[in-house]
Amino acid sequence: MKKILYTIALAAAVFTGCKKEVKTDGVGTLQMNLDRSAAGYVTKATNDNPKEFVIEIKRTSDGWTRTYPRFANMPQQLDLPSGHYSVTATSLYQEPAAWDQPIYSGTKEFDIVTGELTAVSLVCTLSNMKVTIVPSGNFMEEVAAYTVTVTNALTWEASDVAEKSLSWVKSSERDDIAEGKAGYFTVAPLLVKVDGYRSIDYDGDNACHAELIITNVSPRDHHVIKLDARVTGQAGFVITVDDSVTEKEDDVLVAGWEETPVDGGEEGGGDDPDDPNPDDPPTPSTAPVFTWEANPDFAETIIADEMNVEILISAPEKIKTFEVEVNSRPLGPTLAALAERDNANYYADHPFVMDMIYDDALCDGLDGMGLGIPVKDAVLGKTEVLFSLSSLIPMIKVYLAPDGSDAGSRHVFTLSVTDEKDQTTSKPIVFIAPES
């Protein structure tokens, strides 16, 4: 095992050091036009204004980078040495959860040719998700006060849950729903929690509680959390999620208040009048599914020298994209270097996203190491892929601080697969650094 780890570390260093030579035999000119996609969600925030977008120009052969904090301050025509480049534009603020904060981003590659003008038009699209809350009329009558909390943290107990959560509150002093507040979240599974107090016997203590997990998430989604309260023999909240992109609805019924009899009222129960065919079986989902036979519950796992992290990806509609977001302080920069990213331009506290299909440098590096990690054509268009992290995860131990300060640290790998029907499934996997 030590030999394998050493080979991995050495290969990463080799890929970092062997940069392609840049041919700078002359100078050309870049002229750039930037716009925001009209398909996005528009607010009055700075994040919507392309003039305020951060611009990063990178020469792909050697990692040379130039950054402009505001597109408005970037020269209309910029002289650059000839070569192959990429330009990335992003919104200024990128909090994991915030009110009225759409995050736009876009990247485009181009060539600068000696003595020529290169015009680049870049359209930025929404890269995070919008969440709004819509209570039904019946819910508003039945419930006197309530709080809806949404987070994209891994669990409600996660250390970063506070910075990744937003709460919509309806009380006598505050009504976020009436104000039409919209929350924005970076792409990750969403946890939804509802706490409400019934109007008919509201005393501040008689609460009903419901929770929901939304795993089918992707950029540009608008998740509408619909709240309804039905009074039946075992009354409670029914939460419906209406995703305008994936057209997916999830219902969660949580037992809550007992029915309070009303003279002349109907008895609760019976078939749902909104279901025209209550006896028809539900249509099976064809969205991608992750299966980890050695760890069926995907429980947090201690990093060891030998591990079984073989995850079966089943995608009946065929895989179109596959990304792995690596949130690991010691491993992230190493993977960035393997993908020929400039370490000076890599933020150690920012997750590194591995594109397992379209990032040529990363895929070639991983493929050349013999780690058994499928990339490119071994993934694209497949209905089943056995994705192995068994050799990569132990590598984290090599980069942990020798003084033991990294003991117990969390290393999160979030797998996201989109199929050819644009159905996306994301799954976070958490690995814990050993105590010694």
Side-chain angles (χ1 to χ4, degrees), residues 94-97 103 105 127-129 131 150-161 163-165 184-192 213-221 223 246 287-292 295-301 303 307 309-315 319-336 339 346-359 362-363 366 373-375 379 385-390 392-393 395-396 409-419 422-433:
Q94 301 193 29
E95 297 300 321
I103 300 174
S105 64
S127 62
N128 60 349
M129 307 181 297
V131 174
V150 180
T151 184
N152 57 2
L154 293 175
T155 66
W156 290 112
E157 293 76 29
S159 59
D160 58 354
V161 68
E163 64 187 74
K164 292 186 174 183
S165 303
Y184 287 82
F185 297 81
T186 51
V187 178
L190 295 174
L191 309 180
V192 182
I213 300 176
I214 306 171
T215 59
N216 191 5
V217 295
S218 59
R220 296 185 296 280
D221 277 357
H223 297 279
T246 61
V289 175
F290 299 105
T291 304
W292 187 359
N295 185 5
D297 297 328
F298 287 80
E300 297 185 358
T301 305
I303 300 170
M307 303 185 68
V309 190
E310 307 290 324
I311 299 170
L312 180 64
I313 304 172
S314 302
I319 297 175
K320 183 171 71 172
T321 66
F322 179 28
E323 294 182 341
V324 181
E325 181 185 275
V326 181
N327 196 344
S328 172
R329 183 197 56 76
L331 188 58
T334 301
L335 293 171
Y346 176 75
Y347 303 97
D349 294 331
H350 185 74
F352 175 72
V353 178
M354 298 196 299
D355 187 329
M356 309 305 296
I357 298 177
Y358 300 107
D359 189 330
L362 175 69
C363 292
L366 292 173
I373 299 178
V375 295
V379 178
V385 172
L386 187 60
F387 183 65
S388 175
L389 290 173
S390 299
L392 181 62
I393 300 304
M395 175 183 173
I396 296 175
S409 59
R410 297 163 59 87
H411 305 264
V412 184
F413 289 65
T414 302
L415 282 56
S416 295
V417 171
T418 300
D419 62 23
D422 290 330
Q423 301 176 110
T424 299
T425 299
S426 297
K427 189 73 175 180
I429 310 174
V430 182
F431 300 95
I432 307 297

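Being a predicted model, the structure only gives us computed values, none of them experimental.
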**Message:** I'd like to check Tyr358 versus Thr321 (side-chain heavy atoms, cut-off strictly below 4.5 Å). Are they in contact?
**Reply:** yes

**Item:** From CA spacing to verdict: side-chain contact (heavy atoms from CB on, under 4.5 Å), Val385, Phe322
**Value:** CA-CA 11 Å; Val385 172; Phe322 179 28; 5.8 Å; no

**Fill in**
Distance col, row Ile396:CD1 vs Met307:CE, nearest 0.5 angstrom, shows 8.0 Å

**Request:** State whether a side-chain donor-acceptor pair under 3.5 Å links Thr414 with Asn327.
**Result:** no

**Prompt:** For the ring pair Phe290 and Phe298, is the centre-to-centre distance below 6.0 Å?
**Reply:** no

**Item:** Met129 side chain near Leu190 side chain, heavy-atom distance below 4.5 Å
**Value:** yes

**Asked** Where is the tightest heavy-atom contact between Ala433 and His411, given as atom of each residue plus distance?
**Response** CB-NE2, 4.0 Å

**Asked** At their closest point, which heavy atom of Ala153 faces which heavy atom of Leu191, and how far apart are they?
**Response** O-CD1, 3.8 Å

**Prompt:** If you look at every heavy atom in Val187 and Ser127, which pair is closest and at what distance?
**Reply:** CG2-O, 3.5 Å

**Message:** Test your reading of the model: is there a side-chain donor-acceptor pair from Thr418 to the backbone of Ser416, 3.5 Å cut-off?
**Reply:** no

**Message:** To the closest 0.5 Å, what do you measure between NZ (Lys427) and OG1 (Thr291)?
**Reply:** 9.5 Å

**Atom pair CG (Asp160) and OG1 (Thr151), whose distance is rounded to the nearest 0.5 Å** = 7.5 Å

**Request:** Kindly indicate whether the side chain of Phe387, heavy atoms from C-beta on, has any atom under 4.5 Å from the side chain of Val309.
**Result:** no

**Request:** First locate atom CG of Asp297, then atom CH2 of Trp292, and finally report the distance between them rounded to the nearest 0.5 Å.
**Result:** 11.0 Å

**Fill in**
In short, Ala287 meets Asp419 closest at the heavy-atom pair CA-OD2, 4.3 Å

**Prompt:** Do Thr424 and Asn216 come close enough that some side-chain heavy atom pair is under 4.5 Å?
**Reply:** yes

**Request:** State, to 0.1 Å, how close Pro374 and Val379 come at their nearest heavy-atom pair, and which atoms those are.
**Result:** O-CG2, 3.6 Å

**Prompt:** Hey, mind stepping through Asp359 and Met354 against side-chain contact (heavy atoms from CB on, under 4.5 Å) and telling me if it holds?
**Reply:** CA-CA 8 Å; Asp359 189 330; Met354 298 196 299; over 6 Å; no

**Message:** In the structure I gave you, are the side-chain heavy atoms of Ile357 and Lys320 within less than 4.5 Å of one another anywhere?
**Reply:** no

**Item:** Heavy-atom side-chain proximity of Glu323 to Asp355 below 4.5 angstrom
**Value:** yes

**Request:** Nearest 0.5 Å please: distance from the CG atom of Asn128 over to the CZ atom of Arg220.
**Result:** 11.0 Å

**Request:** Report the residue from Val150, Val217, Ile103, Asp221 that forms a side-chain contact (heavy atoms from CB on, under 4.5 Å) with Phe185.
**Result:** Val150

**Item:** Side chain Asn152, main chain Ala97, donor-acceptor under 3.5 Å
**Value:** no

**Asked** Which heavy atom of Met356 sits nearest a heavy atom of Val324, and at what distance?
**Response** CG-CG2, 4.0 Å

**Request:** Would you mind reporting whether Phe431 and Leu331 have side-chain heavy atoms less than 4.5 Å apart?
**Result:** no

**Prompt:** Quick one: CD1 on Ile429 to CG on Leu389, what's the gap to the nearest 0.5 Å?
**Reply:** 6.5 Å

**Asked** Can you find a pair of side-chain heavy atoms, one from Ile393 and one from Phe413, that are under 4.5 Å apart?
**Response** yes

